[in-house]
Amino acid sequence: MVVLRAKCAIIGDQTVGKSAVTQAFHSDGSHFPKAYTMTTHPELCVKSVNIPDTQDSVELMLIDLPGEEALQENITSYLEDCNMVVVVFDVTRSQTFENSITWLNKARTAAGASFMGGVLLGNKADLDARREVIREQGEEVARTNDLDYFECSAKNGSEIDTPFHFIASMFHAYYKDKVGQFITMA
Amino acid sequence: MPNVCKESEGAHVVLATSWDPEHPPEALVDGEEGTFWSTTGMYPQEIVITFPAATRVTTLETKSACIKNIVIQKSSNQSPAGWDDLTSTELTHSEGHVQLEDHKIDPCIIRHIRIIIKSGYEPFVALYSIVMEGTPIES
């Protein structure tokens with residue numbers, strides 16, 4: 001059994017629910033921040049995920065970054081050496097969807113050689129009547145940018161774990177693959 | 001001169017920041033070519049190896065994969081503290097091949113050695129062996 005450690009940044013526009021998603025996942029769905037508080041500083045939380053069918057686990061170091069424009073000054077230093085990203089957008093606001101690729105590219109550039117991919121996550125999926133981005137659009141953009149697509153509702157706590165379990169498994173698979181290469185290189 | 005950085009010579013790992021039971025830190029000092037210590041995510045990573053006695057070391061070679069910046073420090077104290085830099089190197093990367101590096105060092109007395117991996121060309125790196133030629137000093 002091995003414990004792997006992954007640095008994962010939660011990025012996306014302001015008020016898409018990055019902190020809500022992070023906190024809902026971190027608290028196993030027991031905590032949804034009902035009142036909005038703007039994230040002014042990057043916030044770190046750690047959550048361990050067991051990898052199915054193995055004794056292994058991945059400790060996700062989740063860095064919840066502020067989305068607000070004026071607070072972007074030191075953000076690249078937090079993205080440095082980042083392994084994976086969760087790019088969050090709000091399915092009821094298409095502008096946040098359009099901006100998600102800008103966020104991805106920014107993270108990819110800042111992260112450098114450690115970067116291995118991530119997920120595009122449509123939040124607020126419970127607000128079906130106000131939806132501006134449909135699942136197919138999300139899947140399409142995710143595919144062209146080498147991400148996997150998920151939707152969730154931090155408010156309902158639905159499908160919150162899925163994207164995080166996905167990136168943990170991705171990290172684990174990458175490790176196993178790399179170690180296999182190290183064996184053959186020797 | 002023998003390689004002193006081996007378990008059979010009494011060297012042992014006292015600290016490592018990554019631990020995969022299949023590729024444990026001890027693989028570094030087991031004297032085998034094919035085994036390695038793998039890091040398990042994020043940087044920096046470090047490993048400290050202690051020798052049974054103060055040892056006069058003349059050469060230092062590492063065999064690794066995917067390491068970018070590596071810093072090697074030594075301590076000649078009884079306990080592993082008071083580190084001095086021995087080398088600080090940016091290794092070159094060649095896809096699919098191990099990195100063999102001869103770190104040019106001046107002969108010195110070493111009791112503990114500390115290897116700090118500051119960055120990698122990949123999220124994970126491997127350290128296969130450290131070869132240090134030297135002779136223990138009678139105390």
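Within every chain, numbering begins at 1; the chains are lettered A, B, ... in the order of the sequence lines, protein sequences first and strands thereafter.
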**Request:** Quick one: which of B/G120, B/G34, B/G96 has the most heavy-atom pairs under 4.5 Å with chain A, could you say?
**Result:** B/G96
**Asked** Between the main-chain N or O of B/N77 and the side-chain N or O of B/S75, is there a donor-acceptor pair closer than 3.5 Å?
**Response** yes
**Prompt:** Going through the checks in order, is the side-chain contact (heavy atoms from CB on, under 4.5 Å) test met by A/F89 and A/V141?
**Reply:** CA-CA 12 Å; A/F89 72 95; A/V141 165; over 6 Å; no
**Contacting moiety of A/M116, where chain B heavy atoms sit under 4.5 Å** = side chain
**Item:** Atom group of A/M1 that falls short of 4.5 Å from chain B, counting heavy atoms
**Value:** backbone
**Prompt:** Is there a side-chain contact between A/V21 and A/V86 (heavy atoms, below 4.5 Å)?
**Reply:** no
**Request:** For residues B/L86 and B/C108, determine if any side-chain heavy atom of one lies less than 4.5 Å from a side-chain heavy atom of the other.
**Result:** yes
**Message:** What part of A/F171 gets within 4.5 angstrom of chain B, counting heavy atoms only: side chain, backbone, both, or neither?
**Reply:** both
**Prompt:** With sequence neighbours excluded, what pairs up with A/F166 under the ring pair (Phe, Tyr, Trp, His ring centres under 6.0 Å) test?
**Reply:** A/F150
**Fill in**
By side-chain hydrogen bond (donor to acceptor under 3.5 Å, both in side chains), B/D85 pairs with (sequence neighbours left out) B/Q73
**Request:** Tell me who clusters with B/V71, hydrophobic residues only, linked when side chains sit under 4.5 Å apart either directly or through other members.
**Result:** B/I116
**Portion of A/V3 that has a non-hydrogen atom of chain B nearer than 4.5 angstrom** = backbone
**Prompt:** If you take all heavy atoms of B/P25 and B/I47, which pair is closest and at what distance?
**Reply:** CB-CD1, 3.6 Å
All inter-chain donor-acceptor pairs under 3.5 Å (chain B, chain A):
| residue | atom | partner | partner atom | Å |
| --- | --- | --- | --- | --- |
| B/D20 | OD2 | A/Y175 | OH | 2.6 |
| B/S38 | OG | A/Y175 | OH | 2.7 |
| B/T40 | O | A/R5 | N | 2.9 |
| B/E122 | OE1 | A/Y174 | OH | 2.7 |
| B/E122 | OE2 | A/K178 | NZ | 3.3 |
| B/Y128 | OH | A/F182 | O | 2.6 |

